[in-house]
Structure formats: structure tokens, C-alpha cells
A.B. asks: 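Following this message is one structure expressed as C-alpha cells.
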Number of protein chains: 2
Amino acid sequence: MGRGKIEIKRIENSSNRQVTYSKRRNGIIKKAKEISVLCDAKNLSNELDRIKKENENMQIELRHLKGEDITSLQFRELMRIEEALENGLTGIRNRQASSFIPTS
Amino acid sequence: MGRGKIEIKRIENSSNRQVTYSKRRNGIIKKAKEISVLCDAKNLSNELDRIKKENENMQIELRHLKGEDITSLQFRELMRIEEALENGLTGIRNRQASSFIPTS
DNA sequence: CCTGCTATGCTTAGGCC
DNA sequence: CGGCCTAAGCATAGCAG
């Protein structure tokens with residue numbers, strides 16, 4: 001490509017590396033958009049965004065269940081979380097209790 | 001490209017669409033591998049795998065906290081979850097209580 | 001850091017196995 | 001589906017601003 005062929009190995013010069021990165025990254029993104037239109041595919045980048053968003057939501061939910069970052073929550077939200085926690089505890093305790101059923 | 005230019009819009013013929021998909025997909029993967037080597041980047045696909053894994057782990061944790069899929073858990077694991085739930089409840093109830101502090 | 005240029009050479013549509 | 005082939009068309013390395 002370009003003015004000459006290059007070997008595929010780490011580019012040591014950091015500014016060249018950065019320039020190549022941003023040029024090639026744009027190229028890849030363009031191709032990804034094209035394939036998503038041409039082939040009706042969900043395209044790597046959209047999927048990445050979707051999964052990242054899902055990830056973020058689960059992190060928030062986990063923190064809430066652990067009692068973190070809850071200062072800004074509304075009362076209804078707190079009630080919902082409390083109920084989820086109580087249900088979880090009930091499930092866990094039933095499971096623990098069943099572990100103790102004598103085998104004879 | 002190829003024998004002629006094509007417009008970037010959904011390819012209606014499904015077998016052509018599939019062929020173009022697999023050819024272009026390989027091209028994108030090759031480029032992604034190249035950029036990851038050239039620029040020491042984590043490459044889209046590795047990041048996707050990492051995030052998917054993280055996602056999966058959080059889903060399991062959330063289900064456990066909700067008391068689901070716990071039949072196969074060891075006792076120590078159940079204890080850990082119970083403790084997390086109790087801590088969460090304490091946090092939530094403190095927060096709820098503080099909502100009721102009279103303002104005068 | 002970007003943008004634009006341009007010579008090279010890589011990618012790929014369409015055909016055919 | 002995957003491979004091979006070829007001609008068009010694209011992407012891009014190396015510079016310059």
C-alpha cells in the first residue's frame with residue numbers, strides 16, 4: 001500500500017504508529033459500515049456499543065444491589081431494590097436450609 | 001471495486017449478499033489483525049470478546065443475587081452472596097431511613 | 001493532532017469451480 | 001461454503017502544510 005509495502009509488525013516510531021492507527025482505524029470503520037449496509041449485518045461497531053451499554057447498566061444494577069451509589073435514588077427505586085434483595089435472601093436461605101436436610 | 005463499482009445499499013439477492021458478507025468479513029478481520037500488530041492496539045475483536053466475557057460474569061452474579069441458578073452453588077459461595085445481600089439491604093434501609101429525617 | 005496529495009499495492013465483485 | 005482468477009476500484013505510507 002501507499003508508497004511502498006510495509007511489513008506487518010509493530011511500528012516502533014510512536015508518532016508514525018499513531019498516524020497509521022488513526023488512518024487504518026477509519027478505514028476499518030468505513031468497511032464495517034459498508035458491510036452492515038450491504039449485508040444487513042449488525043456490524044461489529046453497533047454490537048460493541050450495544051454490549052457496552054448493557055454492560056454499563058448491569059454495573060449500575062450490581063452497585064445498587066450492593067448498596068453503593070444509592071444516594072440519588074428515588075424512594076420507589078429503593079423499594080424495588082429492597083424487594084429484590086429480600087427475594088434474593090429468601091432464595092439463598094432456602095437453598096442453604098436444603099443443604100442441611102439429613103440424608104438418613 | 002472488483003469488476004465494477006457497487007452502490008452501498010442492501011444487496012437484495014441473498015446468495016450474493018452472503019458471498020459478499022463472507023468475503024468482506026474476512027477482509028475486515030485481516031485489517032483488524034494488521035492494525036493490532038502494527039499499532040499494538042487491542043483490536044476490536046479482542047475487546048469484543050473481553051466485554052462479552054465481563055457481561056456474562058455480571059449476568060451470572062446478578063442472577064445469583066436474585067436467588068436464581070443457585071442450586072449448584074457451594075455453601076461458601078452461598079454465604080458470600082448472603083452477606084452481600086445483607087450488606088445491600090443495610091445500605092438501602094439506611095438510605096430509606098435518612099429520607100425521613102424531619103427538616104425542622 | 002489534522003488534512004491533502006499521490007504512487008503503490010491491496011481488496012474485492014463477478015465468474016467459475 | 002470455500003477457493004481461484006482478473007480487472008477495477010480503494011486504502012494507505014510517506015510527505016508536505
Side-chain angles (χ1 to χ4, degrees), chain A residues 1-64 66 68-73, chain B residues 1-64 66 68-69 71-72:
Chain A
M1 321 150 187
R3 301 307 181 83
K5 188 173 181 170
I6 61 162
E7 196 186 344
I8 301 302
K9 66 170 197 178
R10 184 186 146 97
I11 296 169
E12 294 302 336
N13 180 299
S14 85
S15 59
N16 285 353
R17 190 168 65 239
Q18 177 56 41
V19 171
T20 292
Y21 178 72
S22 81
K23 285 183 173 184
R24 279 177 172 256
R25 181 172 184 280
N26 285 337
I28 292 175
I29 289 172
K30 183 180 172 190
K31 292 265 183 209
K33 284 181 182 166
E34 287 184 357
I35 201 178
S36 84
V37 174
L38 289 170
C39 307
D40 207 13
K42 53 192 162 190
N43 149 348
L44 246 38
S45 140
N46 282 351
E47 196 182 356
L48 193 59
D49 287 348
R50 186 184 60 71
I51 291 179
K52 275 184 174 170
K53 186 68 194 164
E54 204 173 298
N55 221 316
E56 196 179 296
N57 290 339
M58 284 198 293
Q59 275 172 356
I60 291 170
E61 176 77 3
L62 274 174
R63 280 201 300 274
H64 286 170
K66 288 173 181 173
E68 298 161 8
D69 300 339
I70 54 175
T71 51
S72 63
L73 294 180
Chain B
M1 318 154 187
R3 301 309 181 83
K5 188 173 183 171
I6 60 163
E7 195 185 343
I8 302 302
K9 66 170 198 177
R10 184 186 146 97
I11 296 169
E12 293 302 335
N13 180 300
S14 86
S15 61
N16 285 352
R17 188 168 66 240
Q18 178 56 44
V19 169
T20 292
Y21 177 72
S22 90
K23 285 182 173 183
R24 280 176 171 257
R25 181 173 182 279
N26 286 338
I28 292 174
I29 289 173
K30 183 180 174 190
K31 292 263 180 210
K33 283 180 182 167
E34 287 184 358
I35 201 177
S36 83
V37 173
L38 289 171
C39 306
D40 206 13
K42 53 193 160 187
N43 132 3
L44 246 39
S45 132
N46 282 353
E47 196 184 357
L48 192 60
D49 287 347
R50 186 185 61 71
I51 291 179
K52 275 184 174 171
K53 186 67 193 167
E54 205 174 298
N55 222 316
E56 197 179 295
N57 290 338
M58 286 198 295
Q59 274 172 357
I60 291 171
E61 175 77 3
L62 275 175
R63 279 202 299 274
H64 286 170
K66 289 175 179 171
E68 298 161 8
D69 298 340
T71 51
S72 63

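Order of the sequence lines sets the chain letters (A, B, ...), proteins ahead of strands, with each chain counted from 1.
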A.B. asks: What is the separation between atom OH on A:Tyr21 and atom P on C:dC2, rounded to the nearest whole Å?
C.D. replies: 11 Å
A.B. asks: Looking at A:Arg17 and A:Ile11, would you say the former's side chain and the latter's main chain have a donor-acceptor pair under 3.5 Å?
C.D. replies: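 It does hold such a pair.
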A.B. asks: Side chains of B:Leu38 and A:Ile6, heavy atoms from C-beta outward: is any pair under 4.5 Å?
C.D. replies: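 Touching, per the 4.5 Å side-chain cut-off.
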A.B. asks: Looking only at side-chain N and O atoms, does A:Asn13 offer a donor or acceptor that is under 3.5 Å from a partner on A:Ser15?
C.D. replies: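 On atom types as modelled, these side chains qualify, holding a pair under 3.5 Å.
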A.B. asks: With a 4.5 Å cut-off on side-chain heavy atoms, are A:Leu62 and B:Leu62 touching?
C.D. replies: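 A side-chain contact exists here, since the closest heavy-atom pair is under 4.5 Å.
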A.B. asks: How many whole angstroms separate atom CD1 of A:Ile29 from atom C1' of D:dA11?
C.D. replies: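 Nearest whole value for this atom pair: 15 Å.
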A.B. asks: Figure out the NZ/C1' separation between A:Lys9 and D:dA13, and round it to whole Å.
C.D. replies: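 My rounded result for the distance is 16 Å.
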A.B. asks: Please assess A:Lys52 against A:Glu56 for the test salt bridge (charged side-chain N to carboxylate O under 4.0 Å, His left out), listing each intermediate value before the final yes or no.
C.D. replies: CA-CA 6 Å; A:Lys52 275 184 174 170; A:Glu56 196 179 296; over 6 Å; no
A.B. asks: Figure out the CZ/C1' separation between A:Arg25 and D:dA11, and round it to whole Å.
C.D. replies: 17 Å
A.B. asks: May I have the step-by-step check of salt bridge (charged side-chain N to carboxylate O under 4.0 Å, His left out) for B:Arg10 and B:Glu12, ending in yes or no?
C.D. replies: CA-CA 6 Å; B:Arg10 184 186 146 97; B:Glu12 293 302 335; 3.4 Å; yes
A.B. asks: How does each nucleotide of nucleotides 10-17 of chain C score, in 5' to 3' order, for protein heavy atoms under 4.0 Å: base (B), sugar-phosphate only (S), or none (-)?
C.D. replies: SSBBBB--
A.B. asks: Given atom CD1 of B:Ile8 and atom C1' of D:dA11, what is their separation to the nearest angstrom?
C.D. replies: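 Those two atoms, CD1 and C1', are 14 Å apart.
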A.B. asks: Nearest whole angstrom, please: distance from the C1' of D:dG14 to the CZ of A:Arg17.
C.D. replies: 17 Å
